[in-house]
Amino acid sequence: MFKALVNGAIILAMLTIVLGAYTRLTHAGLGCPDWPGCYGFISAPKQAEHIAQAQENFPHLKVEPHKARNEMLHRYIAGLLGLSILCIFLCAQLQKRNRILAGLLLLLVVMQAALGMWTVTLQLMPLVVLGHLLGGFSLLSLLVLLRVKMNKLSVAEPDLQLARLIPFAWFALVILILQISVGGWTSSNYAALACHQLPICETGWQARFNLSSAMSLPLGQATYEYGVLSHDARLSIHVLHRVGALITFVVLGSFAVVAWRRAQTNGMRNLVLGLMVLLILQVCLGLINVIAYLPLANAVAHNFVAANLLMLLVVFIYQLYVRKPKLIT
């Protein structure tokens, strides 16, 4: 039953990530201007009289029911995920197993709830939106890690050759997290369409690139919806993301090749193969985003694959530690 609960939470985490990306990309992040309700209701207004009442409650805003539905669906699934993780925490305490990991999950989901509220109350402030994205990805990674730890197949014979990859694996993880962060910063600042040409950007981008403007954020804005940075600042953010994608591809690709050569079991080889496939798929999705001007389904998939790439790398690192001899000379 505990395994079924964790499996269900993993599915909910994946749905939450997909719906979160869909909500953001359909500009429905402020589809409900209040929290946790929506225009004073517990659900998105559907009936004509409810829409009229919502407009009366918020006369300075334009009520858009379709955006409200997107936002509330995301909140409902996130709420179910939070309840699932609370149950996981309680079960872990009763079983006296995986207590620390379950505690981390509970702490993280509470932080996610706070970030979800601040996303609305702070009007899509990019730092908050980025934190919410990273929190969602982390939840998925930790839930899958918990599921793997419950699996008897996670116990393996020591493997010195694989264990020596641990420093390289951590380096690859840091690079991936940085790239995901830059991707989230690109999305939250509405910079995904700042460059339309390959491989880096339009002609003359070097003269317009400014690292400080890419990392800046004017505070105290009434709203951050649709972005507040200049076009040159958004261009700089986009260029950073593309350069980061190249670096990430080289680092993770090199790590996967080395790991493939050292892996001796089918389980580890399957993990490496999964990393390779997701990495190549992510690059292809990124190129399609540029060429096809950010198609919605493709952009959502780009976000989802990034989450799974992070999750799989976290699981791989755990497996490296499982295979680490107690004494490495």
Side-chain angles (χ1 to χ4, degrees), residues 14-31 64 66-67 69-71 73-74 124 126 129-130 132-134 136-137 140 175-206 208-209 214 224-253 274-312:
M14 290 182 173
L15 284 174
T16 303
I17 289 170
V18 169
L19 289 171
Y22 182 79
T23 300
R24 183 171 65 255
L25 290 162
T26 54
H27 307 296
L30 295 178
E64 298 179 277
H66 64 286
K67 290 186 178 181
R69 286 194 296 270
N70 292 350
E71 172 65 7
L73 179 60
H74 175 57
L124 301 181
V129 175
L130 174 58
H132 201 43
L133 173 77
L134 294 176
F137 284 17
L140 176 61
I175 293 296
L176 179 59
I177 292 173
L178 287 174
Q179 175 61 4
I180 290 173
S181 299
V182 176
W185 190 246
T186 302
S187 177
S188 60
N189 281 286
Y190 298 86
L193 295 176
C195 295
H196 301 294
Q197 295 183 12
L198 296 170
I200 302 297
C201 197
E202 283 77 15
T203 303
W205 66 265
Q206 299 92 333
R208 300 162 63 188
F209 179 82
Y224 295 89
E225 191 172 21
Y226 306 114
V228 297
L229 297 179
S230 67
H231 179 72
D232 283 359
R234 299 185 201 201
L235 178 146
S236 301
I237 294 172
H238 192 111
V239 168
L240 274 180
H241 187 47
R242 289 205 194 177
V243 173
L246 178 60
I247 295 172
T248 304
F249 181 78
V250 171
V251 171
L252 263 68
L275 282 171
M276 290 178 174
V277 170
L278 288 178
L279 182 61
I280 294 171
L281 177 60
Q282 186 69 346
V283 171
C284 293
L285 290 171
L287 290 173
I288 293 173
N289 277 342
V290 175
I291 296 170
Y293 295 95
L294 203 68
L296 179 58
N298 192 84
V300 171
H302 193 56
N303 186 87
F304 184 63
V305 171
N308 282 274
L309 190 57
L310 176 65
M311 174 269 291
L312 202 58

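Along the sequence shown, residues carry numbers from 1.
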Gap between atom [atom2] of [Y] and atom [atom1] of [X] - 0.5 Å precision:
{"X": "L235", "Y": "L229", "atom1": "CG", "atom2": "CG", "result": "12.0 Å"}
{"X": "R242", "Y": "T186", "atom1": "CZ", "atom2": "OG1", "result": "10.5 Å"}
{"X": "E71", "Y": "L30", "atom1": "CD", "atom2": "CG", "result": "8.0 Å"}
{"X": "L275", "Y": "L252", "atom1": "CG", "atom2": "CG", "result": "7.0 Å"}
{"X": "Y190", "Y": "L124", "atom1": "OH", "atom2": "CG", "result": "5.0 Å"}

Counterpart residues, side-chain contact (heavy atoms from CB on, under 4.5 Å), relative to V18 (two or more places apart):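 Testing V18 for side-chain contact (heavy atoms from CB on, under 4.5 Å), a comparison that skips the adjacent residues, returns V300, F304.
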Could you give me the CA-CA distance, side-chain angles and deciding distance for M14 and L140, then say whether side-chain contact (heavy atoms from CB on, under 4.5 Å) is met? CA-CA 7 Å; M14 290 182 173; L140 176 61; 3.9 Å; yes
Determine the minimum heavy-atom distance between [X] and [Y], stating which atoms define it.
{"X": "W185", "Y": "A214", "result": "NE1-O, 2.8 Å"}
{"X": "A192", "Y": "L294", "result": "CB-CD2, 3.9 Å"}
{"X": "C201", "Y": "V239", "result": "CB-CG2, 4.0 Å"}

Hey, is OH on Y22 packed in by over 12 heavy atoms from elsewhere, all under 6.0 Å?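 No, not enclosed.
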Among residues two or more places apart or on two chains, list those pairs meeting side chain to side chain donor-acceptor pair (under 3.5 Å) that have a residue in residues 225-236.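 Residue pairs passing side chain to side chain donor-acceptor pair (under 3.5 Å), neighbours aside: R208-H231, R208-D232.
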Please identify each residue that fulfils ring-ring contact (aromatic ring centres under 6.0 Å, His included) with H196, with sequence neighbours left out.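 Listed in chain order: Y293.
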Name the atoms and distances for all side-chain donor-acceptor pairs under 3.5 Å in residues 176-183, with sequence neighbours left out.
residue : atom : partner : partner atom : Å
Q179    : OE1  : A245    : N            : 3.4
Q179    : NE2  : H241    : O            : 3.0
Q179    : NE2  : H241    : ND1          : 3.0
S181    : OG   : I177    : O            : 2.8

Under the side chain to side chain donor-acceptor pair (under 3.5 Å) rule, collect the residues that match up with N303, sequence neighbours excluded.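 Residues passing side chain to side chain donor-acceptor pair (under 3.5 Å) with N303: R24.
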Using residues 279-289 as the side-chain source, report each donor-acceptor pair under 3.5 Å to any protein atom, sequence neighbours left out, with the distance given to one decimal.
residue : atom : partner : partner atom : Å
Q282    : OE1  : H302    : ND1          : 3.3
Q282    : NE2  : H302    : O            : 2.9
Q282    : NE2  : H302    : ND1          : 3.4
N289    : OD1  : N298    : ND2          : 2.7

